[in-house]
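Scroll down for the structure; my scribbles are underneath it.
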Amino acid sequence: MRIGYGYDVHKLVENRKLILGGIEIPFEKGLLGHSDADVLIHAIIDAILGALAKGDIGQLFPDSDENFKNIDSRILLRHVAKLMSQEGYKVGNMDATICAEKPKLQKFILQMRENISHDLHTNIKNISVKATTEEGVGTTGNGNAISATVGIIITNE
């Protein structure tokens with residue numbers, strides 16, 4: 001058994017789609033980044049890579065590589081899931097928290113969990129996704145960004 005932790009934050013800007021957990025969320029702003037800037041998926045990737053002691057998302061998928069420009073982060077997650085499997089591990093359980101003042105995310109959580117469980121080849125019961133706010137405090141609380149934190153346990157297959 002190994003434990004990993006992931007964190008990501010991206011700035012909210014106009015003229016970008018808001019993608020979280022592989023879902024396009026209707027909102028007037030989106031997250032700025034080289035890929036689709038899906039902070040939830042990026043934090044999951046970092047958590048898995050951390051548990052495997054394989055570095056971080058920037059090492060595996062550098063933002064200097066045009067192959068990853070505007071890429072769907074779920075493609076990257078599926079690549080990392082394959083790497084995890086090749087190393088002989090599978091997801092034990094994952095717990096994630098998205099921090100966003102707006103928009104409200106509750107109605108999208110189930111679809112996020114379904115996407116993640118599918119991409120990680122695990123039962124949806126092993127995937128927890130929650131949303132919270134910073135009550136108007138901090139970078140996400142003032143509406144300038146969205147962040148995500150993830151804890152994951154991976155086990156030998």
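Index from 1, following the sequence. Just so we're clear, the structure is a prediction, and the values are computed from it rather than from any experiment.
- Counting only residues at least two apart or in different chains, ring pair (Phe, Tyr, Trp, His ring centres under 6.0 Å) contacts with residues 21-47 comprise H10-H42.
- Residues satisfying the salt bridge (Lys or Arg N to Asp or Glu O under 4.0 Å) criterion with R113, sequence neighbours excluded, are absent altogether.
- The two residues V13 and R16 come nearest to each other via the heavy atoms CG2-CG, 3.6 Å.
- In E14, the CD atom is not crowded: 12 or fewer heavy atoms of neighbouring residues, nucleotides or ligands sit closer than 6.0 Å.
- By the 6.0 Å contact criterion, NZ on K69 is enclosed, its count of non-hydrogen atoms from other residues, nucleotides or ligands being greater than 12.
- With sequence neighbours excluded, no residue forms a ring-ring contact (aromatic ring centres under 6.0 Å, His included) with F108.
- When all heavy atoms of M84 and L52 are compared, the closest pair comes out as CA-CD1, 3.8 Å.
- Distance CD/Q111 to CD1/I116: 10.0 Å, rounded to 0.5 Å.
- Residues Y89 and N156 form a side-chain contact, since some pair of their non-hydrogen atoms from C-beta on lies under 4.5 Å apart.
- With a 4.5 Å cut-off on side-chain heavy atoms, M112 and I98 count as touching.
- The shortest heavy-atom contact between G21 and L40 is CA-CD2, 3.8 Å.
- T140 places none of its side-chain heavy atoms less than 4.5 Å from the side chain of E101.
- Within the 4.5 Å cutoff, the side chain of L31 has no heavy atoms near those of the I19 side chain.
- Of the residues D119, L60, I45, the one that meets the side-chain contact (heavy atoms from CB on, under 4.5 Å) test with L76 is I45.
- Within the structure, the salt bridge (charged side-chain N to carboxylate O under 4.0 Å, His left out) test picks out no pair touching residues 32-46 (sequence neighbours left out).
- Cluster membership for L83 and I41, using ILVMFWY side-chain heavy atoms within less than 4.5 angstrom, is shared.
- A search for side chain to side chain contact (heavy atoms under 4.5 Å, CB included) contacts involving N15 returns nothing, not counting sequence neighbours.
- Between atom CD1 of residue I146 and atom OG1 of residue T139 there is a gap of 12.5 Å, rounded to the nearest 0.5 Å.
- Partners of E114 under the side-chain hydrogen bond (donor to acceptor under 3.5 Å, both in side chains) rule, at least two apart in sequence or in another chain, do not exist in this structure.
- The side-chain hydrogen bond (donor to acceptor under 3.5 Å, both in side chains) check on N144 picks up N142, with sequence neighbours excluded.
- Contact record, E134 with C99: CG-SG, 3.3 Å, taken as the closest heavy-atom pair.
- Among residues at least two apart or in separate chains, there is no side chain to side chain donor-acceptor pair (under 3.5 Å) pair with a member in residues 22-32.
- Summarising the geometry of A37 relative to S73, their closest heavy-atom pair is N-OG, 4.4 Å, with the distance given to 0.1 Å.
- Scanning both residues, A100 and T133, for their nearest heavy atoms gives O-CG2, 3.4 Å.
- Remark: K54 engages E87 in a salt bridge (Lys or Arg N to Asp or Glu O under 4.0 Å) (not counting sequence neighbours).
- Legend: side chain to side chain donor-acceptor pair (under 3.5 Å) pairs involving residues 91-100, not counting sequence neighbours, sorted by first then second residue: D95-S128, D95-K130, T97-K130.
- Using a 4.5 Å cut-off between side-chain heavy atoms of Ile, Leu, Val, Met, Phe, Trp and Tyr, with links allowed through other members, V9 and L77 fall into different hydrophobic clusters.
- Proximity of L105 to V129: side-chain heavy atoms (C-beta onward) are nowhere separated by under 4.5 Å.
- Apart from L110 itself, the hydrophobic cluster it occupies contains I124, where clustering links Ile, Leu, Val, Met, Phe, Trp and Tyr at side-chain heavy-atom distances under 4.5 Å.
- Residues passing the side-chain hydrogen bond (donor to acceptor under 3.5 Å, both in side chains) test with N126, sequence neighbours excluded: T122.
- In terms of hydrophobic clustering, with Ile, Leu, Val, Met, Phe, Trp and Tyr side chains grouped at heavy-atom distances under 4.5 Å, I153 and V80 are assigned to different clusters.
- A distance of 11.0 Å separates OG in S85 from CD1 in I154, rounded to the nearest 0.5 Å.
- Here the side chain of R2 pairs a donor or acceptor atom with the backbone of A51 at under 3.5 angstrom.
- Residue I23 is grouped with residue I127 when hydrophobic side chains (ILVMFWY) are merged at heavy-atom distances under 4.5 angstrom, including chains of intermediate members.
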